[in-house]
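Working notes, structure below.
For this chain, numbers begin at 1 and follow the sequence in order.
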Amino acid sequence: MKDDLAKAELPQVGKAQSSGLKTSAISGVLTLTARTVYILSQIVLAQSLGPEQFGYFVIAWTVAGLGIVFSSLGLPQTSLRYTVAGHHLWGQGYLGLSAISSCLVGGLIFATAPFVAERFFDAPGATNAIKALASIVPLTVICALLGAGFRTEKRIILGISVNSIGLNVGPFLGVAFTALFLDPTPEAFALGWSIGLTPTLLIALLKTRRSDVQPKAARTMEKLRFGIQSLGVHSVNIINMWVDRLMIGMLTTTTQLGLYQAASLLSMIPMMLGTTIGAVYEAKLAQAKTIEERSEVYAEAQMLQVHLVTPGSVLLIFTASIWLELFFGNEFEVSAPFLGLLLLGQTLKAWCGPALIALNMGGYAGTALLITGGGFVTNVGLNFWLIGQFGGLGAAIATMAVTTCVALIALYCCVSYGLIRVYLHGLFAALISTAGLIVIYFGLRTFFEQWIVFDFVLVVFLIAIYAILVAVVRVPPAYDLFSLEMRRRLLACFARIST
């Protein structure tokens, strides 16, 4: 009788979930590969330029990144919401509008580079790098829109490949070529980065085809309103991630910015893995009709984020100084506390799931914008206050606190608005597994000579094994079978002992 009731509680995990898990696993591997390539690019930059010159490049990258965010106009999210893909991107003017807005913003960045470098960052040395990176604005924005179109057509792997692999491999080749054959200056690396993006755009354009997916009928004002709201949510969310570097660049030295950027780069690995999982399920959340469907999709995404982000992040927290010294050199080892705090924030965010995406795709884009806007204002205030007292450590504390609070508030709103139901007991397995990985790591380190390469190989091996187990076992989303089975066996064991 109890077994029947337990089976009745478990949701049916069908082919759609299996396909979603497979797609998410492939997307996760692609994103991890892309982030690895991106970090390799940054390692080459940091080692070639040193902390101060690397800080100049980071300033240029941040300015160009802000241009990318604002010139997108929320069109990628709008194409997902209203299923606009393929030739419809041309016919309905999405690509034309995207190209015009991004070219205008890129031109504005190029023209105002001296003013921005001197007045905002007090770093005239970053002027030429800002000019060289201005061209990545239209290249990246158009690729992002085409990638969203691929995901709308269920060509999710292609979309992730364009927006993850394509936007990182080309720049890496440009950076590597500059390091090997040209004078290693911030502006030379910036130019190599820009040139490396061109093949990705050409491939994406060639892969765009006539789409069988019909756009949803909607008035232009409705699409415009959703696009503006999505732009607000997306831009404020991205700026929230960059506020720490912006404030450090404006309030401290470029050397301090270079040190903080090294920690921020490594913390982006779990962040981008969780973001990719959210991107894979973004279209599914938009298409879900009932609270049951939406809850199942949300819980599946949440479980994947928890199981794939938590163990790696916790291991990285315990070994932060090792990774910084190995990849960036002894100069960057002092930023280990920054990395630990940033990773803690990403771990707590992963446990909340893709709440902001669920709000945005569930018809509450205004609420999502309000939450992210409030987080942005709080983030600016905390960074301004704490950086003045603690430098980079203050920025890490502020970023960790705001990241966690925004995720928690968004999750609360999702539940209170009746968008989803949350199943917390499924998180039990992640706690057990993470604790087990930590015990195994420190246990093995006691039997081997503690040298840096062994630590690196051991951490990578443990994370890889765990990720493979998650993909193979295919834990159902809303209810964790591992937890239920463990409890069943424990009860049976106690029953045998008592008899």
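- Using a 4.5 Å heavy-atom threshold, the side chains of Ile109 and Leu66 count as separate.
- To the nearest 0.5 Å, atom CG of residue Leu145 and atom CD1 of residue Ile142 are 8.5 Å apart.
- Considering SG of Cys414 and CG of Leu419, their distance stands at 5.5 Å, rounded to 0.5 Å.
- Listed here is the closest heavy atom pair of Cys413 and Thr367: SG-CG2, 4.2 Å.
- Taking 4.5 Å as the limit, some side-chain heavy atom of Phe376 sits within range of a side-chain heavy atom of Val380.
- From Ile371, atom CD1 reaches atom OH of Tyr412 across 11.0 Å, with rounding to the nearest 0.5 Å.
- The line from CD1 of Ile420 to CD1 of Ile291 is 8.0 Å long, rounded to the nearest 0.5 Å.
- The shortest side-chain heavy-atom distance between Phe121 and Val63 falls under the 4.5 Å cut-off.
- Put simply, the side chain of Thr403 does not reach to within 4.5 Å of the side chain of Leu348, judged on heavy atoms.
- Among all heavy-atom pairs drawn from Trp351 and Val306, the shortest one is CA-CG2, 3.7 Å.
- Inter-residue side-chain proximity for Val402 and Asn383 is flagged as unmet; no heavy-atom pair is nearer than 4.5 Å.
- A distance-only check finds no donor-acceptor pair linking the side chain of Thr140 to the backbone of Val137 [under 3.5 Å].
- When all heavy atoms are compared, the tightest approach of Ala263 to Ser335 is CB-O, 3.7 Å.
- Thr252 places none of its side-chain heavy atoms less than 4.5 Å from the side chain of Tyr260.
- The minimum heavy-atom distance between Gln256 and Gly391, with the atom names listed, is NE2-C, 4.1 Å.
- Note: Gln346 CD to Ile317 CD1 = 10.5 Å, rounded to the nearest 0.5 Å.
- Listed here is the closest heavy atom pair of Val141 and Ile68: CG2-O, 3.6 Å.
- Below 30°, between 30° and 60°, or above 60°: for Phe328 and Phe332 the angle between ring planes is between 30° and 60°, a tilted geometry.
- The nearest pair of heavy atoms linking Ile248 to Ala395 is CD1-CB, 3.8 Å.
- A donor-acceptor pair under 3.5 Å is formed between the side chain of Ser101 and the backbone N or O of Ser71.
- The closest side-chain heavy-atom distance from Ile59 to Phe120 is not below 4.5 Å.
- Rounded to the nearest 0.5 Å, atoms CG (Leu344) and OG (Ser267) are 11.5 Å apart.
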